[in-house]
Amino acid sequence: MSYQKVNVGEAIARGWRVFAGKLAIFSVVALVQAVLQLVVSQAIFEALSEPLFTGGNGDLIGINLWGILLPSIVSIVSIYVLTLLADLFFVRFALAGYGDDRRPTGRLLRDMLRRSLPFIGWGLLCSLMVFLAGIATLFTLCLGGLVVQVFVLFVPVFAYEGRQNPIWDSFRLSGRYMREVVVIIVVAVVPMVVATVALLAGAFFGLYSLAVGYFLISTLCALVWAFRSCVIVSFYCLLARKSLPAELAKPASRAA
């Protein structure tokens, strides 16, 4: 089974052009995502958080660990579901941008929502795999989580297409194009890390409040994630047009 090389630089350049062409709508989604994450997390903590046990007269009895853990877990899951919905949006519109799909935005959104449940399900499963692998290799700087993250890179595209096992398909494809996949992840992750550190430093030195810093970080990370999705779609489309094996060669442009 032959696999042709794909110029990862070309994939990144094409992904950037698609990202730049959709920047306005991606920015709106990133802003909405940041606001919803902040509102939802605060609402969950206000509704579920009971960190302390108190007696009838209000005296402190003890610490309620479940009252701390439950809202934390629910908040994290809710925030990640919102992140996956934004990623679904990014993948859908990246496919439309790559294929020059000029259908109205309303039709693209309806198509996106129709595929949302399996997309979110596979995304949550991938995040659980990354988390467990990271915990299992905690003493090696969570190397296992990073490795799993490499292998599940193409899950969003495969999940959007409705594959029966997008994780297995992504593992196979990433394994064949490991060097290119690592380059894509570095291109997406490094700006996110640098921007996060810079924005946290700004909050630390009092240039703005921590809440503003959180909002800026959430918005910027969402935009970087949108760029990552555009590059993944671009790389996959280039592969699909070359010599992708038949069982992996459902052109992403067909889904657009």
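Between the side chain of S170 and the main chain of I167, no donor-acceptor pair closer than 3.5 Å is present. Using modelled atom types, no side-chain atom of S234 and backbone atom of R14 make a donor-acceptor pair closer than 3.5 Å.
Considering only heavy atoms from C-beta on, L82 stays 4.5 Å or farther from S78 through its side chain. Counting heavy atoms from C-beta outward, I79 and V40 have side chains that stay 4.5 Å or more apart. Between I12 and V183 the shortest side-chain heavy-atom distance falls below 4.5 Å.
Smallest separation of non-hydrogen atoms from V8 and I184: CG2-CG1, 3.9 Å. Scanning both residues, P156 and L153, for their nearest heavy atoms gives CD-O, 3.3 Å. Nearest heavy atom pair, residue V150 against residue S174, reads O-OG, 3.3 Å. Considering every non-hydrogen atom in both R228 and Q149, the closest pair reads NH2-NE2, 3.8 Å. Nearest heavy-atom pair, A30 versus A222, reported as atom, atom and distance to 0.1 Å: CB-CB, 3.6 Å. Here the closest heavy-atom approach between residue A34 and residue S218 is recorded as CB-CB, 3.7 Å.
I135 and L128 fall within a single hydrophobic cluster, where Ile, Leu, Val, Met, Phe, Trp and Tyr side chains are chained together by heavy-atom contacts under 4.5 Å. Both V186 and V152 belong to a common hydrophobic cluster when Ile, Leu, Val, Met, Phe, Trp and Tyr are linked at side-chain heavy-atom distances under 4.5 angstrom.
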Going through the checks in order, is the side-chain contact (heavy atoms from CB on, under 4.5 Å) test met by I120 and V81? CA-CA 7 Å; I120 291 173; V81 168; 4.2 Å; yes
Check step by step if side-chain contact (heavy atoms from CB on, under 4.5 Å) holds for E10 and F235. CA-CA 8 Å; E10 180 184 358; F235 185 83; over 6 Å; no
Could you give me the CA-CA distance, side-chain angles and deciding distance for Y160 and F119, then say whether ring-ring contact (aromatic ring centres under 6.0 Å, His included) is met? CA-CA 6 Å; Y160 181 83; F119 189 95; 7.1 Å; no
Set out, in order, the CA-CA distance, both residues' side-chain angles and the distance that settles side-chain contact (heavy atoms from CB on, under 4.5 Å) for L95 and F90, then state yes or no. CA-CA 8 Å; L95 286 167; F90 298 148; over 6 Å; no
Could you walk me through whether W16 and F227 satisfy the ring-ring contact (aromatic ring centres under 6.0 Å, His included) test, starting with their C-alpha distance in whole Å, then the side-chain angles of each, then the deciding distance to 0.1 Å, before giving a yes or no? CA-CA 7 Å; W16 173 258; F227 171 62; 5.7 Å; yes
Using the rule given for side-chain contact (heavy atoms from CB on, under 4.5 Å), can you reason through V157 versus V233, listing the C-alpha separation, both sets of side-chain angles and the distance that settles it, and then say yes or no? CA-CA 7 Å; V157 178; V233 167; 4.1 Å; yes
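We find the CD-CG distance between E180 and L173 to be 10.0 Å, quoted to the nearest 0.5 Å. In this structure, T83 OG1 and L88 CG are separated by 12.5 Å, a value rounded to the nearest 0.5 Å. One distance of note links CZ of F26 with OG of S229; it measures 7.5 Å at 0.5 Å rounding. R92 CZ to D87 CG: the interatomic distance, rounded to the nearest 0.5 Å, is 14.0 Å. With rounding to the nearest 0.5 Å, the separation of CZ in F154 from OH in Y236 is 9.5 Å. Interatomic distance, SG of C126 versus CG of L84, reported as 9.0 Å (0.5 Å rounding).
Taking the six-membered ring for Trp and thresholds of 30 and 60 degrees, F89 and F93 have nearly parallel ring planes, at less than 30 degrees apart.
In terms of the side-chain contact (heavy atoms from CB on, under 4.5 Å) criterion, residue partners of L38 (sequence neighbours excluded) are, by chain and number, Q42, Y214.
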